[in-house]
Structures are given as structure tokens and as C-alpha cells.
Amino acid sequence: MKINFSEWEKSTKILTAIIASILLIIIFVTAFALASGKYTPGQNLRKEDPTPAQVLKRPESSKLNAFTDFGQIRVRCKSDSDNKIGALVVVSPWFSYEKKDGELFEEISNKELMLENLIADYFKDFTIEELNEKGEVLVKTELFQLINENLVLGKIRGIYFRDYRFIQ
């Protein structure tokens, strides 16, 4: 079988033209999507909460203190199907509270394990999809209310997450 080089050159040129056309389409579609403003890189990335030092430096926070003794809490979410295990949630919460409220600090310190379990149990009740639908703000609001319901000697002023990640 003899190879005709003119046919080989034609097929090479056609394949090159097809590949170049596909690459141009990908580049133009990507450029259009970015230029339209609908799709921006990193739009689903979490905006990091301020550190305790940043919160306490604010003028309106001069009467606040931070409880930062919690480490990372790792817990499995509820599974979205019977065959799979739920995603792993990694969260590192910290609370702000009134500086003058030493009794509340003692109560939080004494109930630290109970509060960690309360936070873990909250995440166990939802799938990753449900948590994403709620959004971080609603999750914090619900945890804020749940934690304050379980405190007797005072109320926390805010809840913040150093980490809030899902691992599937």
C-alpha cells in the first residue's frame, strides 16, 4: 500500500483547521462569559470571617471579648442517598461576648464540650446541598439562636467561623 503525500497533507490541514476552530470557539465563549459579568472566577469562594483581633479592634467592639477555645469541629453531614456517606464539614467557630460578662465566659468554658456537640449535631441534620442552599449567614444565625437558647448566664453577641469547608 502506497501512501500518497498529497492526501496526507490534505488530511493534516483539515485536522489542524478543526482543532484550531475548536480552540477559537473555546476562547471566544470563555471571553464572552467573563465579559458578560455573569461568570466570575472564584464567585463561589467563601469570604473569610474576620479574626478575633480584627473584630475586637473595631470601635463598636470595644466592650467585646472573644471565646476562641474551640478547635476544628469535623462532622459528617446527613447523606443525600442511602448508598453514600455524607460530606465532611470542617468548621472552627469562635464567639464574641460582652467583656464585662465573666459569668458567661465561665459558663461557655464549662459547657465547651456540650456546645461543640450542639454545633456538630446541627450539621448532622442537613445534607451538603441543604447547607449550601441555606448559605453561611443563615447557618450562623440558626447556630447563634441555638447556642443562646442553651446558655443561662448570658448571651453571645456573634458567631464567626475561621474555617467552614466541605470535603466530599
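In this chain, residues are counted from 1 in sequence order.
In the model, Gln72 has a side-chain atom that pairs as donor or acceptor with a side-chain atom of Asp163 under 3.5 Å.
Shown here for Asn148 and Lys155, the closest heavy-atom pair between the two residues is O-NZ, 2.9 Å.
Under the side-chain hydrogen bond (donor to acceptor under 3.5 Å, both in side chains) criterion, the residue pairs touching residues 100-109 are Glu107-Lys111, with sequence neighbours excluded. Sequence neighbours left out, the pairs with a member in residues 141-150 that pass salt bridge (charged side-chain N to carboxylate O under 4.0 Å, His left out) are Lys134-Glu142. Applying the salt bridge (charged side-chain N to carboxylate O under 4.0 Å, His left out) test to every pair with at least one member in residues 118-132, sequence neighbours left out, gives these pairs: Asp121-Lys124.
The line from OG1 of Thr141 to CG of Leu146 is 12.5 Å long, rounded to the nearest 0.5 Å. Atom CG in Leu143 sits 5.5 Å away from atom CD1 in Ile147 (nearest 0.5 Å). Note that CZ of Arg76 and CD1 of Ile128 are 10.5 Å apart. Values are rounded to the nearest 0.5 Å. Going from atom CG of Asn150 over to atom CG of Leu115 covers 7.0 Å, rounded to the nearest 0.5 Å. Residue Lys140 holds its NZ atom at 9.0 Å from OH of Tyr164, rounded to the nearest 0.5 Å. To the nearest 0.5 Å, the span separating OG1 on Thr12 from CD on Glu9 amounts to 7.5 Å.
Side-chain contact between Pro93 and Ile73: present, with at least one pair of heavy atoms (C-beta onward) separated by less than 4.5 Å. By the 4.5 Å heavy-atom criterion applied to side chains, Leu64 and Glu98 are counted as neighbours. Side-chain contact between Arg162 and Thr68 is present, with heavy atoms from C-beta onward closer than 4.5 Å.
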Item to check | Check against side-chain contact (heavy atoms from CB on, under 4.5 Å), Phe123 and Leu131 | outcome: CA-CA 8 Å; Phe123 287 107; Leu131 290 169; 3.7 Å; yes

Checklist entry - How far apart are the C-alpha atoms of Leu88 and Val75, what are their side-chain angles, what is the distance that settles it, and do they pass the side-chain contact (heavy atoms from CB on, under 4.5 Å) test? => result CA-CA 6 Å; Leu88 184 67; Val75 63; 5.8 Å; no

Next on the checklist: Under the criterion side-chain contact (heavy atoms from CB on, under 4.5 Å), I'd like the reasoning laid out for Thr127 against Cys77: C-alpha separation, chi angles, the key distance, then a yes or no.
Outcome noted: CA-CA 5 Å; Thr127 65; Cys77 292; 5.6 Å; no

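Looking at residues two or more places apart in sequence or on another chain, you find a salt bridge (Lys or Arg N to Asp or Glu O under 4.0 Å) between Asp80 and Lys84. By the side-chain contact (heavy atoms from CB on, under 4.5 Å) test, Ile19 is found to be paired with Leu23, residues two or more places apart in sequence or in another chain being considered. Remark: Gln54 pairs with Pro50, Thr51 by the side-chain contact (heavy atoms from CB on, under 4.5 Å) rule, at least two apart or across chains. Under the rule for a side-chain contact (heavy atoms from CB on, under 4.5 Å), Glu133 has no partner lying at least two apart in sequence or in another chain. Partners of Phe144 by ring-ring contact (aromatic ring centres under 6.0 Å, His included), not counting sequence neighbours: none found. Partners of Phe95 under the ring-ring contact (aromatic ring centres under 6.0 Å, His included) rule, at least two apart in sequence or in another chain, are Phe70. Residues passing the ring-ring contact (aromatic ring centres under 6.0 Å, His included) test with Phe126, sequence neighbours excluded: Tyr122. By the side-chain contact (heavy atoms from CB on, under 4.5 Å) test, Leu113 is found to be paired with Glu116, Asn117, residues two or more places apart in sequence or in another chain being considered.
For Phe67 and Tyr97, the ring centers sit 6.0 Å or farther from each other.
Aromatic ring orientation, Trp94 versus Tyr160: parallel (interplanar angle below 30°, classes split at 30° and 60°).
The hydrophobic cluster of Leu15 has no other members, since no ILVMFWY side-chain heavy atom comes under 4.5 Å of it.
In this structure, Ser92 contributes its side chain and Phe161 its backbone to no donor-acceptor pair below 3.5 Å.
Linking ILVMFWY side-chain heavy atoms closer than 4.5 Å, directly or via other members, places Leu151 and Met114 in a single hydrophobic cluster.
With Ile26 as reference, Thr30 is the one residue of Val29, Leu24, Thr30 to meet the side-chain contact (heavy atoms from CB on, under 4.5 Å) rule.
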